[in-house]
Amino acid sequence: MNEKILVSVAWPYANSPLHLGQVAGAYLPPDIFARYHRLRGNDVLMVSGSDTHGTPITITAEREGITPGEVVERFHRSFLETFLGLGLTFDLFTHTDTENHWDVTLRMFNRLLERGYVHKQTMEALYCEQCQRFLADRYVEGTCPFCGYEDARGDQCDNCGKPLDALQLVHPRCKFSGDTPIVRETEHFFLDLSQFNEPLKDWVAAKDYWRTAVRNFSLGMLEEGLRPRAITRDIDWGIPVPVAGYEDKRIYVWFDAVIGYLSASIEWAHNRGTPEAWLDWWDPERPARSYYFIGKDNTFFHTLIWPAMLLGYGDLRLPYDVPANEYLTLEGRKFSSSRNWAIWAPDYLSRYDADPIRYYLTTHAPESSDSDFSWAEFLAANNNELVGTWGNLAHRVLTFAYRNFEGRVPEPGDLTDEDRAIIATVEAAFAPVAEDLEACRFRAGLAKAMAVAREANRYLDAAAPWKALKTDRARAATAVYVTLKVVDSLKVLFAPYVPFGSEKLHATLGYDEPLFGRQEVVEYQESERRHAGLTYHGVAEGTDRWAPSALLPGQLLREPAPLFKKLDDEIVEQELARLG
RNA sequence: GGCGACGUAGCUCAGUGGUAGAGCAGGGGACUCAUAAGCCCUUGGUCACUAGUUCAAAUCUAGUCGUCGCCA
C-alpha cells in the first residue's frame, strides 16, 4: 500500500538569498528523502514557502528605501530559481503573504483563543515618542548590561554573545531617531504553552527514534516547564490581529510561520482542484507520517511550539520526526552574510551543476555534529568519488558496450560465480540503503551506494571484457551485460542523491520514461492577490521503482556522455578569492 | 550563567566493556575499457584532558577544557 509522506521544509526568511549552509541543513535532505519516497511510489507532499514577515525584512526594506513587499518578491523569486536549479521537488513552495495563509493563520488564532489557550497579558516595551511607535528588539541599540559594550542590539549583544531583551539595555536608543525610548505598557496575546507541558512530555518521551540532540533538548525544555509566549507584536508588517482594539498590532512572525506547513498543504490541494486532498496527510485518523526538516536553531519551534498549537487546534497530525541538522561552517568559520563569508546558492549554480554539491553536502552533512565546507574537499569529493568512482564506472562500461556491441545491451551467456556475486551484492544493497533513507541517515545511505560502486569497479577490472573481447566474445558480452545491469541498479540507489546524473544515465541505458517528474514555476491568482510558486509534476505515481535492474538484452542504448564533469584544481583558489 | 549536542588517523565519519576501523587524501606498484578515471599494496591515531569503577574503558561514572545551538 502506498504511504502518505508529508515532507515539511523550513521556511526561509525572504531577506537574503539562500547560502549553502542552509541548503545542507534544511533544503537538500528533504529532497533526498522525498525523491526516495517518490521512487517508492509513495504519495509525497513536500511543502514550504518564503517567510515574508518579521523585522529583518522591514529593516532591509527601510535600508534600501523600498517596501517590505518588494524585498519579499525579490528573494522569493531567488528561492524559486535556486530550488529549480538544485532540483528540489517541492509539490508547493509558496509564501506567507497569501490570502490562504492569512485565513489559515487566523483560523488557528481564533480557535486557540476560543479554547482558552491564548490569553491577553500586559507587558512593558520600549516606545519611541519621536517615531510614535513601539520598538521591536531589533530596532533598539544600547549598552550591554553584562559586558558594557555600547552598540549591543536589543535582542543580543554582538560582543559577549548574550541574548538580551531590549528592556535590559543600559542607555537604550531608537535605531531610527536616536532618541531615548520610554518604557510603556502594551497589551498582547500570549500562547499558554504551559497547558501543553504534560501531554508534550509523554509525546516526546515516546519518540525514541528521534536524534539524541533533538530529543534531549526537547525533554530538557519540558523538564524546565514551558511558559506563555507572546504571539502578537507592536509592528505594522504582518498579519493583522482579528480583535477590536488591536488594529495597530500584528501576529508575531514565528506564530504564523510554523502554520505555513498546514496552509501550504491546503493551498496545494486547492491549486490542483482537490480542496480536501490535504487531509490525507493531516487527518490523524488516516495513515500518514510527517517529517520536518530544519536547522538546529529551529528545534524548539518544531518539537514543542508547533505540536502544542496542533494539539490545541485539534484533529491535526503531529510531527512523526524532526531530523534537525547541525550547522555547516565554511572553511572553518561561521557563515556570515555581512562579512561575505558565504557561498550563495545562486552564485554556486551560475558556475557549477547541482549534483556535485548535492553529493558533497551529503557526504559532509551536519547530521550529528557541525561540519565544514571546504572548496578543496568539494573538488576532491567531486573528482575522486562522484566522477572517479561512480560516474566513471557508468561511463567506461557504457562506452565499451556502445562501441563493441552495436549500441545495444549485449546478450549474456552462462553466468560465472563472480557474475552472480556482483549482481547479488547490488541487489542486497537496496534494503539497507532504503533503511538509512527512511531513518534520515542520508550520509550512511550514500556511503553504502558508493561502496557498491567500488565493488563493481573491482568486478569489471577482474572480468576485463576488453581483454576477453579478443579471445572470447561471448564472455566479454556476459561481463558487459552484468556490469550494465549493476550500473542500472546503482542508478536507482544514487537517484535520490544525484538525480540529474541518474536521469541522464537512465536515458543512456535506453529507457524512454524518465525517473522523475518535472518542476515548474506557476503564477497563482487568488481573489485579490497573486503570487508565484514552485510545483512538481510526478511520474509513475503509485509504482514502486526502488528495485534492482531488470535490464533486457538487446535494449538500444543512447550515445554515452560523462554523467558528471571533472573540475579543474584552479577553482579552489578562484573560489577562496571570492570569500571575505 | 542554565539546558542540550558534539570532541576517534590530514579530512568526513563508523565503532557503547574484551588486542583501534572505513572512505578520501599521502606513499609504492601492475594495467589501460574509461573524464590520467579504475585496480592492487601501503604509511598515518597516548580515541580532547584528569580522576575513578572493572580482570579489562574510545565505550561506564565524576569533573575539566573546547566548539556549536537554544534560553521563549
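Chain identifiers are assigned alphabetically (A, B, ...) following the order of the sequence lines, protein sequences preceding nucleic acid strands; residue numbering begins at 1 within each chain.
For the C1' atoms, the distance from B:C33 to B:G17 is 50 Å, rounded to whole Å. Comparing B:C11 with B:G29, their C1' atoms sit 25 Å apart, to the nearest whole Å. Comparing the same atom, C1', in B:A20 and in B:A14 gives a spacing of 12 Å after rounding to whole Å. Between B:C47 and B:G21, the distance separating the two P atoms is 14 Å to the nearest Å. Rounded to whole Å, the separation between the P atoms of B:U46 and B:A37 comes to 32 Å.
Classification of B:G44 as syn follows from a glycosidic angle within 90° of 0.
Nucleic acid contact for A:L393: none, since no nucleic acid atom lies under 4.0 Å from a heavy atom of the residue. Residue A:S368 is classed as a sugar-phosphate contact, given heavy-atom separations below 4.0 Å to backbone atoms only. Within 4.0 Å (heavy atoms only), A:K467 reaches no atom of the nucleic acid at all. In this structure, A:R458 reaches the sugar-phosphate backbone alone: every heavy-atom distance under 4.0 Å involves primed, P, OP1 or OP2 atoms, never a base. Residue contacts for A:S371: at a heavy-atom cut-off of 4.0 Å it reaches the sugar-phosphate backbone alone, with no base atom in range. Note on A:R211: nothing from the nucleic acid sits closer than 4.0 angstrom, heavy atoms only. A:F564 comes within 4.0 angstrom of a nucleotide base, judged by non-hydrogen atoms across all strands. Among the atoms of the strands shown, none is found under 4.0 Å from any heavy atom of A:I305. Residue A:G225 is classed as a base contact, given a heavy-atom separation below 4.0 Å to a base. Within 4.0 Å of A:Y327, counting heavy atoms only, lie sugar-phosphate atoms of the nucleic acid but no base atom. Among the heavy atoms of the strands lying under 4.0 Å from A:A365 are primed sugar atoms or P, OP1, OP2 only; no base atom is included.
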Practice task
Could you walk me through whether A:Y13 and A:W11 pass the ring pair (Phe, Tyr, Trp, His ring centres under 6.0 Å) test, one step at a time?
Solution key: CA-CA 7 Å; A:Y13 264 127; A:W11 289 54; over 10 Å; no
Exercise for the section: For side chain to side chain contact (heavy atoms under 4.5 Å, CB included), just list the numbers for A:F255 and A:V118, CA-CA rounded to whole Å, side-chain angles, deciding distance to a tenth of an Å, and then say yes or no. Expected result: CA-CA 12 Å; A:F255 184 81; A:V118 164; 5.6 Å; no
Handout entry: Intermediate values then yes/no, side chain to side chain contact (heavy atoms under 4.5 Å, CB included), A:K491 and A:E503
Key = CA-CA 8 Å; A:K491 165 198 83 186; A:E503 196 73 81; over 6 Å; no
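Within the 4.0 Å cut-off from OP1 or OP2 of B:A34, at least one side-chain nitrogen or oxygen of A:R403 is found. Residue A:R443 has no polar side-chain atom (N or O) positioned under 4.0 Å from OP1 or OP2 of B:U12.
Mapping A:E455 and A:A230 onto RNA chain B by nearest heavy atom places A:E455 closer to the 5' end of the strand. Residue order along RNA chain B, read from the 5' end via each residue's closest nucleotide, puts A:E224 first among A:E224 and A:F300.
A:Y497 and A:Y359 have their aromatic ring centers separated by at least 6.0 angstrom.
Atom CZ of A:R339 has 12 or fewer neighbouring heavy atoms from other residues, nucleotides or ligands inside a 6.0 Å radius.
Checked by distance alone, A:N216 brings no side-chain donor or acceptor within 3.5 Å of a matching partner on the base of B:A5. Below the 3.5 angstrom threshold, one finds a donor paired with an acceptor across the side chain of A:D461 and the base of B:G38.
Stacking annotation: A:W466 is stacked on the base of B:C33 (ring centroids less than 5.5 angstrom apart, interplanar angle below 30 degrees).
Across all strands shown, nothing is found opposite B:U53 as a Watson-Crick or G-U wobble partner with both distances under 3.5 Å.
A salt bridge links A:K296 with A:D370: the closest approach of a Lys/Arg side-chain nitrogen to an acidic carboxylate oxygen falls below 4.0 angstrom.
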